[in-house]
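Note on naming: letters A, B, ... go to the chains in the order of the sequence lines (proteins, then strands), and numbering restarts at 1 for each one. All values below come from the heavy atoms of this structure, side chains included, with hydrogens, waters and symmetry mates left out.
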Amino acid sequence: MSFRLGHGGRLIDRARPLGFSFDGRRMTGFAGDTLAAALLGAGETLMGRSFKYHRPRGAVAAGVEEPNALMGIGSGPQAEPNARATVVELAEGLEATSQNRWPNLALDIGQLTGLGARLMPAGFYYKTFIHPRAAWKHVFEPVIRRAAGLGRAPRGPDPDRYEQLYAFADVVVAGGGVAGLHAARLAAEAGRRVIVFEQAAHWGGRAPVEGEPVGGLPADAWVAAQLADLAARPNVTLRARATVFGLHDHGYLLAEERCGEGGGTGPRRRLWRVRAGLTVVACGAFERPLPFAGNDRPGVMLAAAVRDYLVNWAVAPGRAVAVVTGCDDAYRTAMALAGAGVRVPVVADLRPGGGGALAARARAMGLRVADGACIARVLGGRSVTGVVLAPADGDGSGGEEIACDAVAMSGGWSPAVHLWSQPGGGLAWDADRGLFRPDPARAPTGADGRPMAVAVGAAAGELALDAALADADRALRAVLGLPAGAPPVTAATAEAPPRTAAMLPARAGHRLRAKAFLDFQNDVKVSDIELAAREGYVSVEHAKRYTTLGMATDQGKLSNVAGIAVLAEARGTPVPEVGTTTFRPPFVPVTIGGLAGEASGPLFQPVRMTPLHGWHAARGAVWEPVGLWRRAYAYPATGERTADAVAREVLAVRGRVGLLDASTLGKILVRGPDAGRFLDMLYVGMMSTLPVGRCRYGVMCNEQGFVTDDGVVARLGSETFLCHTTTGGADRIHGWMEEWLQTEWWDWKVWTLNLTEQFAQIAVAGPKARVLLERLGGMDVSREAQPFMRWAEGRLSGIAARVFRISFSGELSFEIAVAASDGPALWERLMAEGADLGVTPYGTEAMHVLRAEKGYIIVGDETDGTVTPRDLGLERMIASGKADFIGRRGMERAHLVDPGRWRLVGLAAEDGAVLPEGAYAATDARNANGQRVTEGRVTSSYFSPTLKCGIALGLVRRGPERMGEVLAFPAAGGRVLKARIVEPVFHDKDGARLNG
Amino acid sequence: MARADIATEGAGPAGFASVAGAGPRGMVTLRGDLTSPVLARAVAAVTGTGVPARRRIEVAGDRAVAWMSPDELLVLVPRAEAGAAVAALEQALAGEHHLAADVSDARAAFTIRGPGAQGVLMKLCPVDFATLAEGEIRRSRAGQVAAAVWRSGADEFTLVSFRSVAGYVIALLEFSARPGAEPFPA
Amino acid sequence: MLMLTCPHCGVTAEETEFAPGGQAHLKRQGPGSSDDDFEAYLFARANPRGVHLERWRHAFGCGKWFHAARCTVTLEVFGTYPARTAGPPAELRAAIAARRPGWPEGGR
Ligand SMILES: [Zn+2]
């Protein structure tokens with residue numbers, strides 16, 4: 001059983017005990033502990049259950065690579081699932097909950113009910129899907145759903161705040177170990193702008209754990225000196241608790257900073273979005289487990305992690321720790337344990353020739369070292385009771401049982417090459433060291449085509465302290481163009497070459513291979529990879545997906561190389577021929593909150609508000625989002641249903657006078673000697689012939705000949721036009737104009753300006769509209785002075801205004817544009833002066849009903865990007881005399897002049913009902929697939945308060961030629977709705993009211 | 001976000017930098033040939049400054065001219081003088097192909113002030129502020145909307161956005177400047 | 001995410017400031033064009049593995065259109081140039097050819 005030593009622990013403060021709970025049990029740790037260290041210190045080795053087989057698991061690592069010890073932290077909306085206990089900093093009152101177990105961690109039903117290895121071999125899911133679908137739905141899925149799954153997402157909105165920060169640097173150093181700090185120092189001294197990110201709370205990486213002096217100082221002191229120097233420089237930014245998790249194109253680097261764990265006003269996480277000229281990958285290396293049966297038992301840990309717990313937190317994994325290794329580094333663990341008074345019954349060294357100088361020192365300490373030996377299997381269930389020592393190249397039989405309660409293993413090291421590889425950096429297999437390391441000849445390249453990253457230290461494959469610092473020194477000087485120098489002085493230790501193993505013992509049978517885990521989190525064993533290879537999944541990418549090796553949240557940090565080694569052996573090919581899988585961001589799991597940044601709640605998306613927004617809000621308007629705008633949909637009175645409000649508003653416009661906030665309509669100023677010619681190209685109709693003072697309705701198409709926007713154009717002067725667009729079209733059409741002017745007709749003399757937001761625009765519509773404007777006074781709005789489709793400028797009630805006599809309701813109507821800041825005053829004046837006229841504000845839904853009663857189209861309702869002006873009955877608008885306009889050539893295509901196209905008509909349900917929008921008219925014919933052939937669809941449908949029945953617009957095959965025909969619209973539940981094809985104008989067909 | 005029409009003055013809650021609506025500004029967009037001597041004279045008559053070089057903003061007291069694009073300037077004058085500025089430009093440029101329009105009501109301006117001001121903007125704009133020179137105007141985005149920003153004083157930035165999103169922008173600024181969220185604590 | 005330099009305002013900015021506009025140097029086909037030419041104008045687009053000339057607009061900046069010469073494999077940007085031209089300027093052509101010998105004929 002793990003325990004806390006009576007002294008030591010470089011990171012803990014024994015004077016500050018912290019209380020926390022694990023599955024409801026109260027425990028105590030120290031300030032400076034990680035959650036995993038505190039649990040181990042409290043004797044708790046069982047920390048979770050595996051994903052697939054629900055095997056008991058404990059912490060195997062001491063850092064971000066931990067696959068097993070995933071926990072839920074906290075409760076309520078701030079709870080965080082799947083947190084790695086090895087990186088969670090202990091805090092007073094912290095609540096940790098184990099995951100993936102039921103009913104509790106010690107007794108888990110998943111393991112008992114036989115959801116075991118025999119039921120779920122590699123490819124289980126793929127093979128299961130081949131079976132009848134019903135079996136999956138009724139047999140497998142419910143069982144798996146209940147038993148599987150990682151942590152639960154918290155319920156309720158996240159009360160914490162997140163933010164992002166854009167930063168720029170010449171050099172970003174990812175990793176604050178000794179190699180990273182030395183690299184940062186060189187870059188800083190060279191005057192570069194430098195940011196250093198360290199994922200842990202402490203700087204220095206592994207060097208302070210090893211305790212070898214650096215630059216003549218104890219490692220801790222050397223690290224402190226570097227930090228002090230760097231912190232004092234204005235060109236350096238240092239961030240601990242900040243993990244670089246992605247390196248993307250052109251040096252785009254993402255890091256997540258853990259600013260706090262909730263509460264307070266500051267952010268919980270800050271996402272750094274950095275542009276790095278050069279990224280120094282100084283992320284160190286991950287130790288690899290060894291593949292032997294029972295290597296996943298709680299108490300079996302990575303050798304260096306054992307050393308971390310011992311030195312950093314004064315925690316030992318057990319009273320007797322067996323060591324098994326394929327490299328020299330694990331001897332440091334054996335000696336550290338022995339030095340701390342922990343018994344080390346054996347060091348099993350896979351290499352027949354044994355280790356180097358470190359092994360000799362261990363022997364000199366009196367430790368038992370067995371060369372050419374391995375652990376054949378681990379004894380025990382939820383904890384380790386012993387191991388079987390056997391020859392590394394045997395079949396596991398006839399081994400020696402050795403009592404112990406923990407195992408430290410080392411299968412060598414893998415450089416953390418993720419940031420190098422994510423943007424395309426190549427890897428090289430280093431056979432001597434038994435690892436994939438960044439290949440400097442195939443560095444990821446940036447915008448200029450030159451290398452944008454350099455890997456240094458252990459991340460570059462230089463595992464020894466002296467080599468790592470020398471490498472960082474040489475690499476940085478080379479890339480920064482500095483003269484050669486000397487790295488900090490360190491002692492050198494010669495290490496014997498490591499040995500990698502695909503299985504231990506090498507000739508073990510299936511029984512042992514099926515218990516030798518490669519990927520702890522996804523429960524992938526040696527036997528699974530071998531099965532995949534036998535079934536033909538010989539490509540590493542295929543084997544990965546078939547077995548799920550490396551696809552868990554730890555992304556195979558421990559399992560990648562081991563899995564490749566197994567596949568290589570099964571295929572009988574060398575490791576480099578198998579290659580690696582693709583490294584994808586994020587390097588470690590990151591919170592969705594950080595990725596969202598400030599964009600949540602009220603800042604999720606900008607809401608565009610008109611100058612009259614406040615008035616609408618105060619009147620309790622129901623809102624309709626139109627793009628990013630909020631428009632008033634209707635203004636229900638207290639207790640009034642929204643639909644009733646819409647009907648009331650429609651009738652007010654038809655009978656008296658209504659006010660509509662039309663400010664969102666696009667208003668684009670087009671000016672210049674070629675403005676008319678330009679607009680003739682943009683609209684299907686003629687604009688150059690429009691007299692000054694007049695308005696003209698226009699339709700725009702794209703090059704395909706399909707309608708994209710419409711609106712009224714007013715000619716303000718000989719060279720000046722004001723183009724109204726749809727609400728959604730303002731920015732798009734302005735961009736469209738600029739695109740043509742900048743990229744096609746750049747010699748035309750035309751300037752454009754999007755003035756949409758400069759004006760508040762108010763539609764005053766209804767038979768009393770003129771009376772109301774006359775009451776405001778200041779402008780002659782008589783029929784004679786301002787007939788239909790004219791505009792005039794003046795002052796209304798003292799407010800500078802441009803008045804357009806245009807109508808989208810079919811009623812006598814004026815649209816008044818005033819400076820945005822004058823909008824509320826004008827609106828209030830209209831409301832006050834019109835009180836006794838029954839003036840009624842109306843919203844967008846009443847506007848829609850009013851226009852539909854008149855058969856006016858709306859781009860986006862009657863059009864969907866495949867509808868031509870002819871389809872809409874607007875062929876009369878197409879200027880026949882124009883040689884060219886955008887869309888003209890497209891409209892000539894055979895399919896677009898097909899007389900069988902669907903064209904605009906009105907639809908009247910036989911029973912006066914409101915047809916469902918989007919309903920399709922179907923014929924009795926069937927197509928090649930046996931489906932009913934359709935012949936039209938409903939594009940807009942409303943209840944008309946004016947006509948007291950449903951009205952609809954639709955596109956129907958040869959519609960205008962089929963007036964009076966009845967169409968069948970199959971509806972939900974087998975019903976069939978019948979509707980008659982009618983003229984699209986339902987109200988005031990001769991337009992008398994318009995000219996009122 | 002409930003603040004509907006924020007294009008006016010007013011400071012929000014105290015943060016590690018002060019953020020506030022900068023109040024009404026007279027703004028005129030002028031498009032034309034920026035190399036034209038006629039245009040230069042017209043601009044000088046209205047603002048007292050020359051035509052700014054690429055990405056520069058020329059300030060003269062309560063007037064300024066900002067370079068917005070190779071054929072567009074933003075002329076800043078006191079709010080009450082915007083109409084007169086348009087008229088003056090129109091008259092002076094009568095013979096030239098140009099466009100001048102009052103956009104005072106289409107924009108909103110904000111001030112971000114204090115030693116932490118740059119830290120506030122670093123959360124919103126993908127801009128390297130360390131390289132933003134005195135007298136340089138940078139068009140970019142703030143969060144999800146278009147913005148232009150320049151150094152308008154010691155430890156002070158002015159940011160201009162569209163009017164309709166002024167509520168969003170001030171909420172962004174206040175969120176980013178709230179105490180406890182300093183990206184670079186002293 | 002790319003970094004691009006707008007040749008109009010000189011700003012080097014991240015991709016979120018720009019709007020992509022597809023393949024550069026398409027020749028507009030209007031009335032009178034053949035069906036084949038018009039079809040190619042609307043729909044036929046190069047999809048090279050290597051050097052690509054493409055359109056961008058500095059949407060959150062000066063609003064101007066420009067062209068970029070970019071390698072679709074390595075994302076190297078050889079240069080940018082204003083849109084008011086029928087092809088890349090000579091210096092840029094030389095720079096691309098220096099980096100991708102053989103371009104534009106089959107050069108990557
Ligand atoms: Zn630009």
Worksheet entry | A/Trp748 to A/Phe678 - nearest heavy-atom pair and separation | CZ3-CA, 3.6 Å
Discussion item. Given the ring of C/Phe38, does A/Arg889 sit roughly above its face, with NZ or CZ under 6.0 Å from the centre of the six-membered ring and within 45° of the axis?
Written reply: yes
Worksheet item: So which of A/Asp448, A/Asp884, A/Asn702 has the largest heavy-atom pair count under 4.5 angstrom toward chain C?
Response: A/Asp884
Discussion item. Can you tell me which of C/Arg84, C/Arg70, C/Gln29, C/Glu76 forms the most heavy-atom pairs within a distance under 4.5 Å of chain A?
Written reply: C/Arg84
Worksheet item: Mind checking whether A/Glu738 and A/Thr743 have side chains closer than 4.5 Å, heavy atoms only?
Response: no
Discussion item. Given 3.5 Å as the limit, does a donor-acceptor pair link the side chain of C/Thr5 with the main chain of C/Gly10, or not?
Written reply: no
Worksheet item: Can you check ring pair (Phe, Tyr, Trp, His ring centres under 6.0 Å) on A/Phe197 and A/Trp272, steps first, answer last?
Response: CA-CA 10 Å; A/Phe197 291 111; A/Trp272 288 67; 5.3 Å; yes
Worksheet item: Given that the side chain runs from C-beta out, which part of A/Phe885 has a heavy atom under 4.5 Å from chain C: side chain, backbone, both or neither?
Response: backbone
Practice prompt. Taking only Lys NZ, Arg NE, NH1 and NH2, and the carboxylate oxygens of Asp or Glu, determine whether A/Glu256 and A/Arg270 approach each other closer than 4.0 Å.
Written response: no
Response to the item:
So, the part of C/Leu75 with a heavy atom under 4.5 Å from chain A: the answer is both
Item to complete: Heavy-atom distances under 4.5 Å only: say whether A/Ala894 touches chain C with side chain, backbone, both or neither.
Response: neither
Fill in: Heavy-atom pairs under 4.5 Å with chain A, option from C/Thr85, C/Leu2, C/Leu4 with the top count
C/Leu2
Discussion item. Which one wins on heavy-atom pair count under 4.5 Å against chain C: A/Arg450, A/Glu703, A/Arg888?
Written reply: A/Glu703
Item to complete: Under 4.5 Å, counting heavy-atom pairs only, tell me which of C/Ser33, C/Ala59, C/Pro82 racks up the most with chain A.
Response: C/Ser33
Worksheet item: Taking every heavy-atom pair that is under 4.5 Å apart, which of A/Glu892, A/Met891, A/Arg275 has the most such pairs with chain C?
Response: A/Arg275
Worksheet item: Of the listed residues (C/Glu39, C/His67, C/Arg57, C/Arg55), which shares the most heavy-atom pairs with chain A below a 4.5 Å separation?
Response: C/Arg55
Practice prompt. Give, as side chain, backbone, both or neither, the part of C/Tyr41 having an atom under 4.5 angstrom from any heavy atom of chain A.
Written response: side chain
Fill in: Closest heavy-atom pair and its distance - A/Ala730, A/Ile668
O-CD1, 3.7 Å
Worksheet entry | Heavy-atom closest contact (A/Arg901 atom, A/Thr868 atom, distance) | NH2-CG2, 3.9 Å
Practice prompt. Please look at A/Gln742 and chain C and tell me whether the side chain, the backbone, both or neither of the residue comes under 4.5 angstrom of a heavy atom of that chain.
Written response: both
Fill in: Any side-chain donor near an acceptor of the partner, A/Trp420 and A/Gln422, under 3.5 Å
no
Worksheet, complete the sentence: Bottom line for A/Met452: the part with an atom under 4.5 Å from chain C's heavy atoms is neither
